[in-house]
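Here the structure is laid out as structure tokens; the discussion comes afterwards.
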Number of protein chains: 2
Amino acid sequence: MTSSAEPVSRAERRKQELRREIIDAAFDCFAERGYHATGIADVAARLGIGHGTFYRYFQNKRDIVDHVVDDLVGRITGALTAENAPDAVSTLAEYREQSARIGESLGRIFGEDPRVPRLLLFEAPGIDRAMAERILDLFDLAAGLTSAYLSHGVELGYLRADLDVDNTARAINGMILGTAISSLRMPEAQAAQSEALRRVMYDGIAAT
Amino acid sequence: MTSSAEPVSRAERRKQELRREIIDAAFDCFAERGYHATGIADVAARLGIGHGTFYRYFQNKRDIVDHVVDDLVGRITGALTAENAPDAVSTLAEYREQSARIGESLGRIFGEDPRVPRLLLFEAPGIDRAMAERILDLFDLAAGLTSAYLSHGVELGYLRADLDVDNTARAINGMILGTAISSLRMPEAQAAQSEALRRVMYDGIAAT
DNA sequence: TCCGAAACTGACACGCGATTCCGTTCGAGT
DNA sequence: ACTCGAACGGAATCGCGTGTCAGTTTCGGA
């Protein structure tokens with residue numbers, strides 16, 4: 001098994017390394033100058049390689065942005081699912097803790113590097129229809145997850161029985177989205193935003 | 001006054017008319033095919049005019065998208081401010097009514113024509129930095145408005161005294177954003193979304 | 001050290017679309 | 001009907017960025 005997973009060494013490893021570096025460099029360029037404004041030559045120049053070399057690793061410009069997005073989406077779905085199953089909690093307090101944990105996790109991804117939300121929310125949707133659909137798919141995925149958490153809470157009785165889980169899930173995800181976007185201009189407000197979000201979510205805004 | 005507002009007639013009016021038609025056609029094209037994918041020739045062809053004529057009305061491609069966005073932003077800020085002053089209400093019930101009214105107004109704009117949110121949220125931010133900033137400005141403007149509503153409610157005592165008005169405002173606007181984005185794929189869910197949003201906002205999600 | 005394959009390079013071909021420009025058309029005033 | 005200036009159309013210009021390719025370099029193995 002080890003031999004089949006590592007068919008060759010040395011040069012082969014170098015290739016995978018460069019491939020990764022190209023993806024990272026492309027991410028940098030796309031996030032900084034925007035997808036349409038960066039040329040393949042820019043990406044190659046950043047690595048000090050000839051731009052012809054780029055085409056030995058990726059089909060074309062459109063191809064690589066897909067890989068860049070794959071990477072980011074992977075990171076996010078990882079944060080969303082890692083060590084956080086919907087049915088791992090059984091009380092409101094635990095649920096609150098879990099949502100704080102997930103929120104912190106997302107906050108780290110979005111807040112630490114604003115280029116991530118910028119690329120995902122501001123650049124990607126304008127590339128073409130297919131990419132826009134990918135982003136919408138990501139939203140749907142997130143909505144599905146949140147919805148599952150809510151359903152679980154309704155079943156166990158610590159969330160309102162009449163909760164419209166699907167639409168509420170989308171509303172909550174919208175708040176997260178709002179936080180991510182705010183972090184583009186006010187990265188430092190991250191934590192406060194996150195806290196406000198949870199207050200709205202659990203307590204609403206009305207006076208008691 | 002009437003004479004100064006109408007310096008000339010006939011031809012002059014035609015010019016303004018065509019100018020408007022170009023803006024509308026550009027909106028159609030940008031929303032359908034995307035900004036980068038549409039050429040000036042496409043816009044001109046849609047109106048059956050030569051593309052050289054376009055340049056008699058607008059400086060360049062970048063120029064017109066600004067006008068298109070002006071138009072949309074105007075419609076939205078209009079809906080947000082029209083007949084809805086933060087201090088026009090004094091009880092939670094009235095506040096609820098007012099927010100429903102504003103929500104319906106926005107829902108009409110976003111829901112009736114998905115091209116509006118598509119252009120504003122998916123196309124515009126990817127055009128260039130300046131345009132992305134404009135969109136962020138729009139978010140900030142909306143946050144400021146919502147914040148004012150919340151502040152007013154806190155002062156009058158029908159909203160939680162410890163409300164973090166600024167960050168809560170952004171969270172709420174995020175939910176609205178989420179609704180607008182959902183409407184891209186599920187325009188029919190508009191109303192339910194809006195209702196779920198308001199429930200979260202006023203009651204939270206926890207069981208009583 | 002030498003050989004051949006694989007990787008790299010960057011000049012070049014090419015297509016595309018924004019913008020220009022000038023000959024033509026239109027229309028208001030006489 | 002005639003003139004003149006403004007508006008129009010679309011062929012031509014121009015620059016740019018993608019993707020290709022043939023020559024060059026690198027490197028592992030004999």
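Residue numbering restarts at 1 for every chain, and letters A, B, ... go by the order of the sequence lines.
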Between A/Arg46 and A/Glu32, does at least one N-O distance fall below 4.0 Å, as a salt bridge requires? yes

So what does B/Tyr57 touch, heavy atoms closer than 4.0 Å: a base, only the sugar-phosphate, or nothing? sugar-phosphate

Please work out if A/Gly39 contacts a base, only the sugar-phosphate, or nothing of the nucleic acid, heavy-atom cut-off 4.0 Å. sugar-phosphate

Rounded to whole Å, how long is the line connecting atom CD1 of A/Ile64 with atom P of D/dT18? 12 Å

Whole-Å gap separating P (C/dA18) and CG (B/Asn60): 10 Å

When rounded to whole Å, the NE2 to P distance for the pair B/His36 and D/dG17 reads 13 Å

Find the distance B/Arg13:CZ to C/dA28:P and express it as a whole number of Å. 14 Å

Please report the distance, rounded to the nearest Å, between CZ in B/Arg56 and P in D/dG9. 10 Å

What is the ring orientation for B/Tyr95 with B/Tyr202, classed by angle as parallel under 30°, tilted 30 to 60°, or perpendicular over 60°? perpendicular

Below 4.0 angstrom from OP1 or OP2 of C/dT19, is there any side-chain N or O of B/Lys61? no

Rounded to whole Å, CZ of B/Arg33 lies from P of C/dG17 at a distance of 11 Å

For B/Glu188, I'd like to know if atom CD has over 12 heavy atoms of other residues, nucleotides or ligands within 6.0 Å. yes

Once you round to the nearest 0.5 Å, how far does CZ of B/Arg115 lie from CZ of B/Phe27? 4.5 Å

Whole Å only: how far is the CD1 atom of A/Ile40 from the P atom of D/dT18? 5 Å

Winner on side-chain proximity to A/Lys15, out of C/dC8, D/dT20, C/dA7, is C/dA7

Ignoring hydrogens and angles, answer whether the base of C/dT19 and the side-chain atoms of B/His51 contain a donor-acceptor pair closer than 3.5 Å. yes

If I take atom CG in residue A/Leu47 and atom P in nucleotide C/dT9, what distance separates them, rounded to the nearest angstrom? 10 Å

Begin from the C-alpha positions of B/Arg170 and A/Gln193 and carry the test side chain to side chain contact (heavy atoms under 4.5 Å, CB included) through to its verdict. CA-CA 8 Å; B/Arg170 286 174 191 277; A/Gln193 283 271 310; 3.1 Å; yes

Does B/Thr53 place a side-chain N or O at less than 4.0 Å from the phosphate oxygens OP1/OP2 of D/dA7? no

